[in-house]
Amino acid sequence: MTEAIPTIYKGLAGVVVDTTAISKVVPETNSLTYRGYAVQDLAVHCNFEQVAYLLWHSELPSVQQLELFVQRERAQRRADRSLLSLVTKMPDTCHPMDVVRTAISYLGAEDAAEEDNSASANLSKALRMTAVLPTIVAADHRRRHGLDPIAPHSHLGFAENFLYMCFGSVPEPEIVKAFEVSLILYAEHSFNASTFAARVVTSTLSDIYSAVTAAIGALKGPLHGGANEAVMRDMLEIDDPERAEQWLQNVLAAKNKVMGFGHRVYKNGDSRVPTMNAAFRDVAGVTGGDKWVRMYDILERTMHDATGIKPNLDFPTGPAYFLMGFDIDVFTPIFVMSRITGWTAHIIEQGASNALIRPLSQYSGVPQRAVVA
Ligand SMILES: CC(=O)SCCNC(=O)CCNC(=O)[C@H](O)C(C)(C)COP(=O)(O)OP(=O)(O)OC[C@H]1O[C@@H](n2cnc3c(N)ncnc32)[C@H](O)[C@@H]1OP(=O)(O)O
Ligand SMILES: O=C([O-])CC(=O)C(=O)O
């Protein structure tokens, strides 16, 4: 009797695996909401701390709630000596994502309550990880330039403080705003690969640090968060906007992917791109980045004419972060600094209504056979 072959959903494309109340992606209208609020509106009216609070607590904070939350976040920014020395012991040649992944793992190892998976414990751990990660990323960024770390500044907001810890001063307001907007846009995106990885780990009743570590591993890949770095490497390779059209045609002719384009869910444009594109142009305006804007426009137009495929969020963030002065391999760690809020909201949601995530597979190997001694 021949076995019936089940329908296989390669890459889980189109499969709905669970419900979520955290964010809603509507590809038909290119829209994205966090807890019911349009992400574009959040980017205009809120700072990153308010959005983190919203993702974790389901509502935007009142003035008093925000004050308390900000105080708690600022109080936990410092990395202790052992954590900072761990950063300095990492090989100079490793990718900063390796440092971030190792640092989160270390935070789990030093947490005596690592196994406490209650929602209240996980909310505290989420805040601690979110508060301290920028300190780690900035310290690692500076050590690669032979510079000492700068301690966090308790009077600066989350976005400003990170820029200050990286560069030693707070840049122009346009740059701070564009950076803050990028953090808000990167914070959450339903069941993307890294969030799903976090939910899979959580579904085994493992701890939040293990789930975040797995998510960092998933985000690192160039088909996901790693694309923001790949975009800028490509742009540097192109160098001259006049060469952009031919470069893109060559990539397509070689049947390679153009980084920063396409999306599993959005087929008609990424809801976040118009907001980030405007922020990128603001940054280019104050940093003299016109060349990258022209290149962006040519690549976008050529790709659209050739394939109909539109940019995703990583396309404008790549050159925006470059113009802000970040090394290219810090782009995905910055994505982690933001997405950790979405991941941890999902970890808490998964824990509240858990079912072990364990799909089936269709065996395609050799038929059963006898072992010959
Ligand atoms: C924040 C984020 O994670 S956003 C995503 C960041 N990733 C990137 O920018 C990497 C480049 N993009 C891609 O690889 C893809 O668009 C993905 C992985 C993001 C989504 O892809 P999927 O939904 O799996 O679609 P898939 O890769 O099968 O593409 C469908 C078709 O469009 C083509 N296509 C999709 N994206 C691209 C691209 N960036 N460049 C060239 N062709 C593309 C594919 O070649 C494929 O063509 P075919 O049907 O002729 O074989
Ligand atoms: O949703 C996805 O598949 C990828 C993405 O855009 C994100 O995680 O922000």
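Bear in mind that the values here come from a model prediction, so they are computed numbers and not experimental data. Whatever order the structure lists ligands and atoms in, that order sets their numbers, starting from 1.
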For this session: Report the part of Arg272 in contact with ligand 2, treating N, CA, C, O as backbone and CB onward as side chain, heavy atoms under 4.0 Å; options are side chain, backbone, both, neither.
Result: side chain
Problem set entry | Numbered atoms of ligand 2 (with element) below 4.0 Å of His189, judged on heavy atoms | 1 (O), 2 (C), 5 (C), 6 (O), 7 (C), 8 (O), 9 (O)
Exercise. Which ligand 2 atoms does His263 reach within 4.0 Å, using its non-hydrogen atoms?
Worked result: 1 (O), 2 (C), 3 (O), 4 (C), 5 (C), 6 (O)
Exercise. What class does the angle between the rings of Phe179 and Phe326 fall in, given that below 30° is parallel, 30 to 60° is tilted and above 60° is perpendicular?
Worked result: tilted
Exercise. Would you find more than 12 non-hydrogen atoms of other residues, nucleotides or ligands less than 6.0 Å from Arg294 atom CZ?
Worked result: yes
Write out each pair where an N or O from ligand 1 and one from the protein are under 3.5 Å apart, with the distance.
| from | atom 1 | to | atom 2 | distance (Å) |
| --- | --- | --- | --- | --- |
| ligand 1 | 3 (O) | His224 | ND1 | 2.8 |
| ligand 1 | 7 (N) | Leu223 | O | 2.9 |
| ligand 1 | 9 (O) | Gly260 | N | 2.8 |
| ligand 1 | 9 (O) | Asn312 | ND2 | 2.9 |
| ligand 1 | 12 (N) | Phe261 | O | 2.8 |
| ligand 1 | 14 (O) | Lys257 | NZ | 2.9 |
| ligand 1 | 16 (O) | Phe261 | O | 3.4 |
| ligand 1 | 23 (O) | Arg264 | NE | 2.9 |
| ligand 1 | 23 (O) | Lys267 | NZ | 3.3 |
| ligand 1 | 24 (O) | Arg264 | NE | 3.4 |
| ligand 1 | 24 (O) | Arg264 | NH2 | 3.2 |
| ligand 1 | 27 (O) | Lys257 | NZ | 2.9 |
| ligand 1 | 39 (N) | Val258 | O | 2.7 |
| ligand 1 | 39 (N) | Phe261 | O | 2.8 |
| ligand 1 | 40 (N) | Val258 | N | 2.9 |

Exercise. In this structure, are over 12 heavy atoms from other groups packed under 6.0 Å from Ile5 atom CD1?
Worked result: no
Problem set entry | Remaining members of the apolar cluster that contains Phe191, side-chain heavy atoms under 4.5 Å | Tyr9, Leu12, Val15, Val17, Phe196, Val200, Ile357
Problem set entry | Protein heavy atom at shortest distance from atom 8 (O) of ligand 2 | Arg339 NH1, 2.8 Å
For this session: Using a cut-off of 6.0 Å, state whether more than 12 heavy atoms not belonging to Gln65 lie near its atom CD.
Result: yes
Exercise. Is any NZ, NE, NH1 or NH2 atom of the basic residue among Glu114 and Lys125 found under 4.0 Å from an Asp or Glu carboxylate oxygen of the other?
Worked result: no
Seminar exercise, completed: CG of Asp314 to CZ of Phe335, rounded to nearest 0.5 Å, is 6.0 Å
Exercise. With the threshold set at 4.0 Å, does a side-chain nitrogen-carboxylate oxygen contact exist between Arg77 and Glu73?
Worked result: yes
